There are 4 protein chains.
Amino acid sequence: MARKRVGNKRERIINAAAKFFGEKGYHGTTTSEIADAAGVAAGTIYIYFKSKEMLIVAVFEEFLGFHMERLKQGVEAVSGSEAKMRRLLTLGLELMESNPSSARIFLSQLRQSPEMIKTVAKRSSRAYKEIIEGVVEDGISAGDFRESDPVATAVMVFGAYQNMVLEWVAADCSYPLSAKASELSEFILIGVACKETAES
Amino acid sequence: MARKRVGNKRERIINAAAKFFGEKGYHGTTTSEIADAAGVAAGTIYIYFKSKEMLIVAVFEEFLGFHMERLKQGVEAVSGSEAKMRRLLTLGLELMESNPSSARIFLSQLRQSPEMIKTVAKRSSRAYKEIIEGVVEDGISAGDFRESDPVATAVMVFGAYQNMVLEWVAADCSYPLSAKASELSEFILIGVACKETAES
Amino acid sequence: MARKRVGNKRERIINAAAKFFGEKGYHGTTTSEIADAAGVAAGTIYIYFKSKEMLIVAVFEEFLGFHMERLKQGVEAVSGSEAKMRRLLTLGLELMESNPSSARIFLSQLRQSPEMIKTVAKRSSRAYKEIIEGVVEDGISAGDFRESDPVATAVMVFGAYQNMVLEWVAADCSYPLSAKASELSEFILIGVACKETAES
Amino acid sequence: MARKRVGNKRERIINAAAKFFGEKGYHGTTTSEIADAAGVAAGTIYIYFKSKEMLIVAVFEEFLGFHMERLKQGVEAVSGSEAKMRRLLTLGLELMESNPSSARIFLSQLRQSPEMIKTVAKRSSRAYKEIIEGVVEDGISAGDFRESDPVATAVMVFGAYQNMVLEWVAADCSYPLSAKASELSEFILIGVACKETAES
DNA sequence: AATGAATGAGTCTTCATTCAT
DNA sequence: AATGAATGAAGACTCATTCAT
């Protein structure tokens, strides 16, 4: 009684879906098992979501919205371009670490069909990169980072970040991801900010 | 009729599979259409490959082997750490550009199931990163690149590279990917080599 | 159209399966034709039965349960060892005669795979023989039958009975099987009851 | 080299087929594995046998012919109705015991399709029963056995015999079948020979 | 809104059989 | 006679989705 009524049905379905999609992949998960785990009937899913595909999209949007909000807050909470970038990367890894299932969806399950890549995956990276771009742009304006194309830079920063998470997922999340934060930050900061490294 | 005898059957199947898997995704492709396009009977696929899954793995190995060979040759053909890194990244983008279908498989289709991520996708990035690591290590030894953990550096370099390709794929390959080579190289080289950037 | 709503789905599937398995054999029958004949969709079979194999097992259990109940009742309804044995054999032949399809499954289709022989076929003959053994044991105790190993005796009685049915099935059920009841009973009764053979 | 050329191809195919059909069942065996085990190409089977079905028929005929010859010889070698019957049953069990695979084919694999039951299985039991009938008839003529319908008697004798073998096969041939010979003979002989039952 | 039994189109895979060599 | 690569028809089973209740 207690566990069943925690959250409304839509939320329960999303949570169950996130868990299974992350663990077994989109095609490896059946809508029935999601319904079971969510404690609803098979048909109920279709009251809240038009199709299985729309369900994974919803799962992802939930995840993305939550991420974006946190990241924006985190970035605003500190000052200084370098500190902002550090915060962004560290927080990003922490968020991924706290929800490996969603991380997996983010990293691979959304790339199932060319259609999905073009719509959702694209939007996801766009949102992410907008934040990165913001930090980069501000850093350049402030003279903290070297001159560069913020868009291209964001693509590469995001790639490095993303691949670090993928490595961790491929390693079965067997080590603390957030421990890699400083390593990542160093690399990125040198890439974006490198200006005054003396001689050698 | 004309295309029927070009190449042996195994090769024809691999080519057809690469095309469809890349265009429509692993699950969006049926073994029958691969057989049709390859000009063989449905059952023939199973003479050469144990299952549909082993087929995509084979497609990928083919692609990876080809890539690795080219990249190694390319890197060896030039001298100087910076030149090697540039060559590596440029060649990588060129290879991806010349075979968008395989690029798509490489970037997403191999991540279909958690199983695949753990086995094949892992191996693929490992192979790629080994080359990158080699260049980074040599560069550090030679004093051309700054001191850093070559492994972690390779992860990030690979991530940036990969994401640049993914962007291109998500944009429907609508612009020449190789045109981005210098941008990527700059970013990476600053990240790995940044030592003597004068004042500001 | 008329037959559609007779009985629930599970029952309709079992009946259709019994018919086809009996007529065309297990491997000669497709799940689709069973579904068609039962007036259900192909997938519906798998709601009620885990696999085609579990379906034939279910068909058989149904048949066996029905048989056993009838035979036990029949045997209890009469008194005297000889009368019981006669009743058992007669009733057995009558039951087989009334459902030739199930008889065929019982006699041969359950022996399709070594696995089935070891599990289901074994259990079926065990159930049958337990009843026979009971009658034989009681007959011996009562002094009506000669001393013998009831287990081995049951094997042989069952064999004679079974082969009589098989003959009938092989002859396309072209004669009334129950007409053979007295002949069978005589043979068996002499075998089990013959006590005072003089001389030799 | 030595093993391969022992026997001609036809014989090798029959032997391999007997082994597999007996162990894994008719439908559980592929023609390819038979060809492999026989050391011939897949297509070669079809030079010697028209189809898979004709192959199992051939296997069976081989087995039956061999059996019949031995049984006839065995029966003729002794004198006296009772001795002949004993010899027949004992020899039958011994032959089955010496070739469990063929025994399994005989007992169940030939019953795969209604067609097979009607043609081959029928013929097999007919051959067997002819021998039994002969012994029974002679016994009756000689006054050794009681008056009865030899045909029906043979059906029942054959059934008892057959079921004893089936029990043994179902028990994984885990005990010496020939040890059951005397038990079987007693049962049968009482059934056929019992003449002077007093009274009742 | 919720259910869950039912649907049936869709797919991978097997394998007896053929035939060019 | 022999080969064995190739065929392609066939079939068990799955599962997203629907709809009567």
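Reminder, nothing fancy here: chain letters follow the sequence lines and each chain counts from 1. Computed from a predicted model, the values in this text were never measured in an experiment.
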### Query
Nearest nucleotide by nearest heavy atom, which residue falls closer to the 5' end of DNA chain F, B/Ala42 or C/Ser51?
B/Ala42
Please list every donor-acceptor pair under 3.5 Å in which a side-chain atom of residues 37-45 of chain B meets a protein atom from a residue at least two apart or in another chain.
unit_1	atom_1	unit_2	atom_2	d
B/Thr44	OG1	B/Ala41	O	3.3

### Message
Base, sugar-phosphate or nothing for D/Phe49? Non-hydrogen atoms, less than 4.0 Å.
### Response
nothing
### Query
C/Asp36 CG to E/dA9 P: how many Å, rounded?
11 Å
### Query
Would you write out the dot-bracket form of DNA chain F, 5' to 3', with Watson-Crick and G-U pairs under 3.5 Å, [ ] for crossing pairs, | for pairs to other strands and . for unpaired bases?
.||||||||||||||||||||
### Interatomic distance, B/Ile56 atom CD1 to B/Phe21 atom CZ [nearest 0.5 angstrom]
5.0 Å
### Message
Rounded to the nearest 0.5 Å, what separates atom CD1 in D/Ile105 from atom CZ in D/Phe63?
### Response
8.0 Å
### Task
Check every strand shown and say whether B/Thr30 touches a base, only sugar-phosphate, or nothing at a heavy-atom separation below 4.0 Å.
sugar-phosphate
### Message
Side chains of D/Arg10 and D/Glu62, heavy atoms from C-beta outward: is any pair under 4.5 Å?
### Response
yes
### Query
Are the side chain of C/Tyr48 and the backbone N or O of C/Leu55 linked by a donor-acceptor pair below 3.5 Å?
no
### 5' to 3' contact window, DNA chain F with chain B (heavy-atom distance under 4.0 Å)
F/dA6 to F/dG8
### Message
Please report the distance, rounded to the nearest Å, between CD1 in C/Ile13 and C1' in E/dT7.
### Response
12 Å
### Query
With distance as the sole test, does D/Thr29 use its side chain to make a donor-acceptor pair with the main-chain N or O of D/Phe20 at under 3.5 Å?
yes
### Query
When the nearest nucleotide of DNA chain F is assigned to C/Thr44 and to C/His27 on a heavy-atom basis, which residue is associated with the more 5' position?
C/His27
### Task
Give the rounded distance in Å between these two atoms: CD1 of C/Ile47 and P of E/dG8.
12 Å
### Task
Send over the distance from D/Glu33 CD to E/dT14 C1', rounded to a whole Å.
13 Å
### Query
Atom OG1 in D/Thr30, atom CG in D/Asp36: separation rounded to 0.5 Å?
7.5 Å
### Task
Report yes if the side chains of A/Ile13 and A/Phe49 come closer than 4.5 Å at any heavy-atom pair, otherwise no.
yes
### Query
Starting at the 5' end of DNA chain E, which residue's closest nucleotide do you reach first, D/Tyr26 or A/Tyr48?
A/Tyr48
### Query
If you measure from CZ on A/Arg104 to NZ on A/Lys24, what distance do you get to the nearest 0.5 Å?
13.0 Å
